[in-house]
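Below is one structure, written out as structure tokens, with a few remarks after it.
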2 protein chains.
Amino acid sequence: MKGIVLLQMGGGPLGVNIYDIAREAHVGIGTVSRVFNNRRNVSASTREKVLEVGRRLNYQPHASAQRLARQRSNTISAIIPFFTNYFFVEVLQGVQDRVEQLGYDLILYGITRKGQTETYLRRTMQRGRVDGVLFFSMKFPEQFISRFQQLRLPIVLVDTSLPEFDSIAVENRRGAYIATAHLLALGHRRIGMINASLTSEPARLRLEGYRQALDDYGVQYDRNLVRFPKNLKSDGFNREAGHDAMEELLAMGGDRPSAAFAASDIQAFGALQALREHSLHAPKDIALVGFDDIEFAQHVGLSTIHQPMYEIGTLAVDVLAARVENPDVVPRHTTFIPELVVRETCGAGTMSPASRASRSMPV
Amino acid sequence: MKGIVLLQMGGGPLGVNIYDIAREAHVGIGTVSRVFNNRRNVSASTREKVLEVGRRLNYQPHASAQRLARQRSNTISAIIPFFTNYFFVEVLQGVQDRVEQLGYDLILYGITRKGQTETYLRRTMQRGRVDGVLFFSMKFPEQFISRFQQLRLPIVLVDTSLPEFDSIAVENRRGAYIATAHLLALGHRRIGMINASLTSEPARLRLEGYRQALDDYGVQYDRNLVRFPKNLKSDGFNREAGHDAMEELLAMGGDRPSAAFAASDIQAFGALQALREHSLHAPKDIALVGFDDIEFAQHVGLSTIHQPMYEIGTLAVDVLAARVENPDVVPRHTTFIPELVVRETCGAGTMSPASRASRSMPV
DNA sequence: GCCCTTCATGGAAGGGCTTCCACAAGATAG
DNA sequence: CTATCTTGTGGAAGCCCTTCCATGAAGGGC
């Protein structure tokens, strides 16, 4: 009767539970549970009766109670840096879509300040909160490695890696190589690089790819052509850093490069802005290639290296889900091969907007 | 002993609970609970003893159990359209920061396809899942109004509104007025508008503001100068729509406007691209003002109408939290006044980057 | 007609916490 | 010295579900 009374009250903190349904349908609570969990060993007539009562009383299982009883939250968290660039937005779409398909909830922990990372890691480690964690684009703090292992809390690193955990990333070295080689193939010989701080692994790898390409084309490496962020407060994957780096390159006067490779699209935007301020244009005055292929790269016609961000997002969720189901397999590291997208700023003419397809390559 | 045994096992699905702590510390479970919830009626010595045992056994309260017992999830969800534009990213930062300060968790439901909205609304309505909902930038489905009211599930509408619920928005009409008036003040008389579909309320209001400004300056309204998206599959707040609209304006030949106001920055980017394709430039050939002031507006020097997105995000959380604490107050509707940010594309010269401050105006 | 399965079902136990009530012991007041 | 209050404490009950075991009925084989 309780449920009915509540209905008559027309609201209130509705508390129709499994017992109300059982009483009303003249069955046991076990049966009610089985019906709502779609177990098969329930007779058709009983099932229908229970469902009918459920509809009538507007029953909904209580999420927290289910999680407690099942010892499973069906929730994962994503720890994502909000500050760096727009990379995460596109990855997030993939994450979100797959999470929905698999029926998980997604708790978002966005990092905007240093120090937040530890807070959120601790939080996400609380028992009963999440079944697994997606950790993005940042150095995973060492002191948490063993704690995660002890808790056996599944975690997947994206755009960063560690031998101990599953990881997904793009081949940064290869991407940088492709970008640089493209500019070389276009005839450029003095090619600048607008890099981020080498404390960032992607920045290191992208520098390696750049040098490798120069080497392969027999071009002497000139360290004056590689520019790092001056402001050491951030990792330098931002517009200001790109702007200032381009200023420095332009300040070289006659020695200045005829082309540049930026370690991220965001930096490339800053560089473009600097060019505009000097009434210069890409590719006419300086050809430019970025890295990431975030959505805005199309908006400004930036040639760049495409990362399959959406696919990275969906794969990350798949890998995490697999580990939740089966925690005792060795860590898997997956790599994506990035591709060049030719637009306007590299000066290679308007080729087709490039096949944006991408391939994955499990290692 | 259980806790110790588990520790010795060096892992396993650690299950140190309140009973383990109580036994080990020779106190009752109630006392343990009080200690970990910082209740004050516990003697200092007992408290210290319990905390010591807690540290030793590495105790953490179980999130689901707490939520069940407290009948409070300490979680809110945000239902956000991912597809339209980058508006949401910036609002999300504000949401995220405030949510952290208040100790809530944030479940993200990103909408990428029509129909998902209903799915997520249903999901978010499940008992025990969230304490409240943030609903962004979309028309709230009518059939859910009464259901939310009955459940007394707190909800705040952002960038959209309904008399029944709390809401937060920017004064769209005023913003459009300011943008148009600015172009008029610069001497333009043929001013185009690149609008989105009028099914969107912001689009309607922004059109009104545009017309009002023309009126006030004694300029005859010309419907040929207002362009709507051709592709009716979306609301038109996207780059393609902006691009095509600018194409249409350019196709007017000698009749073409000398300036244009775009209903969103994203559309403005598309418009700028179209200009580039015709080797035209803003503001030289056509002056341009956008709306939103998303981060990329700076990157390309777009003059635009600034919405205090971060503040909208934090306020949304505050309003929601207030309603969770006190569900029985009348809905409050808050409005922000947008401001013009002069950059390059409007042609008003390089004034100071404008005070980006913003004010709220409760109604 | 009897024994063994199989299937549907009821409900206790268990998951881990908060909260409330009861109680003891000390402090305060008259 | 008794009556009253305060403070600290223990633990049962309650939050709502899932799961497992026991039971009874029905079906199958010989």
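Every chain is numbered from 1 and lettered A, B, ... according to where its sequence line falls, protein lines coming before strand lines.
- For the helix from C:dG1-D:dC30 to C:dG30-D:dC1, the angle separating the two terminal helix axes comes to 30°, with each axis derived from five pairs and the value rounded to 10°.
- At a threshold of 4.0 angstrom between heavy atoms, the contacts of A:Phe36 with the nucleic acid are absent.
- Separating the CZ atom of A:Arg129 from the P atom of C:dG16 is a distance of 17 Å, rounded to the nearest angstrom.
- Taking 4.0 Å as the cut-off between side-chain N and carboxylate O, A:Glu100 and B:Arg113 count as a salt-bridged pair.
- B:Met125 places a side-chain heavy atom less than 4.5 Å from the side chain of B:Phe144.
- Between D:dG10, C:dC17, D:dC17, one nucleotide has an atom nearer to the side chain of A:Gln66 than all others, and that is D:dC17.
- Distances were taken from every side-chain heavy atom of B:Arg127 (C-beta onward) to each of D:dG10, D:dC16, D:dG8; the shortest belongs to D:dC16.
- Checking D:dC16, D:dT9, C:dC17 against the side-chain heavy atoms of B:Thr46 singles out D:dT9 as nearest.
- Taking a cutoff of 4.0 Å between a charged side-chain nitrogen and a carboxylate oxygen, A:Arg56 and A:Glu52 qualify as a salt bridge.
- A salt bridge is defined here as a Lys NZ or Arg NE, NH1 or NH2 lying under 4.0 Å from an Asp or Glu carboxylate O, and B:Glu48 with B:Arg55 meets this definition.
- In this model, the phosphate group of D:dC17 is approached by a side-chain N or O of A:Tyr59 to a distance below 4.0 Å at OP1 or OP2.
- Between the CZ atom of A:Arg72 and the P atom of C:dG14 there is a distance of 23 Å, rounded to whole Å.
- When only modelled atom types and interatomic distance are considered, A:Asp159 and A:Ser137 share a side-chain donor-acceptor pair under 3.5 Å.
- Although no hydrogens or angles enter the test, the distance criterion places a donor-acceptor pair under 3.5 Å between the side chain of B:Thr119 and the main chain of B:Gly115.
- In summary, the aromatic rings of A:Phe165 and A:Phe135 are positioned with their centroids too far apart to meet the 6.0 Å limit.
- If you measure from atom CZ of B:Arg23 to atom P of D:dG11, you get 12 Å, rounded to the nearest angstrom.
- Among the heavy atoms of the strands, none lies under 4.0 Å from B:Ser64.
- If you measure from atom CD1 of A:Ile18 to atom P of C:dG10, you get 12 Å, rounded to the nearest angstrom.
- Considering only side-chain N and O atoms, B:Thr31 lies under 4.0 angstrom from the phosphate OP1 or OP2 of D:dG10.
- The nearest whole Å value for the distance from the CD atom in B:Gln71 to the P atom in C:dG16 is 18 Å.
- For B:Arg67 and D:dC17, the CZ to C1' distance is 16 Å, given to the nearest whole Å.
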Which pairs, protein N/O on one side and nucleotides 19-21 of chain C N/O on the other, fall under 3.5 Å?
unit_1, atom_1, unit_2, atom_2, d
C:dT19, OP2, B:Arg39, NH2, 2.8
C:dC20, N4, B:Arg34, NH2, 3.2

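- A salt bridge links A:Arg72 to A:Glu325: at least one charged side-chain nitrogen sits closer than 4.0 Å to a carboxylate oxygen.
- Distances from the side chain of B:Leu68 to the nucleotides C:dT9, D:dC16, D:dG10 place D:dC16 closest.
- Taking only side-chain atoms of B:Ser43, from C-beta outward, the nucleotide of C:dC17, D:dC16, D:dG8 with the closest atom is D:dG8.
- Between the P atom of C:dG10 and the NZ atom of A:Lys49 lies a distance of 8 Å, rounded to the nearest Å.
- Not a single donor-acceptor pair under 3.5 Å links the side chain of B:Arg127 to the backbone N or O of A:Tyr59.
- Counting heavy atoms from C-beta outward, B:Arg147 and B:Arg122 have side chains that approach closer than 4.5 Å.
- The interatomic distance linking A:His62 (NE2) with D:dG14 (P) rounds to 17 Å, in whole Å.
- Minimum atom distance to the side chain of A:Val27 is reached by C:dG10, of the listed C:dG10, D:dG10, D:dC17.
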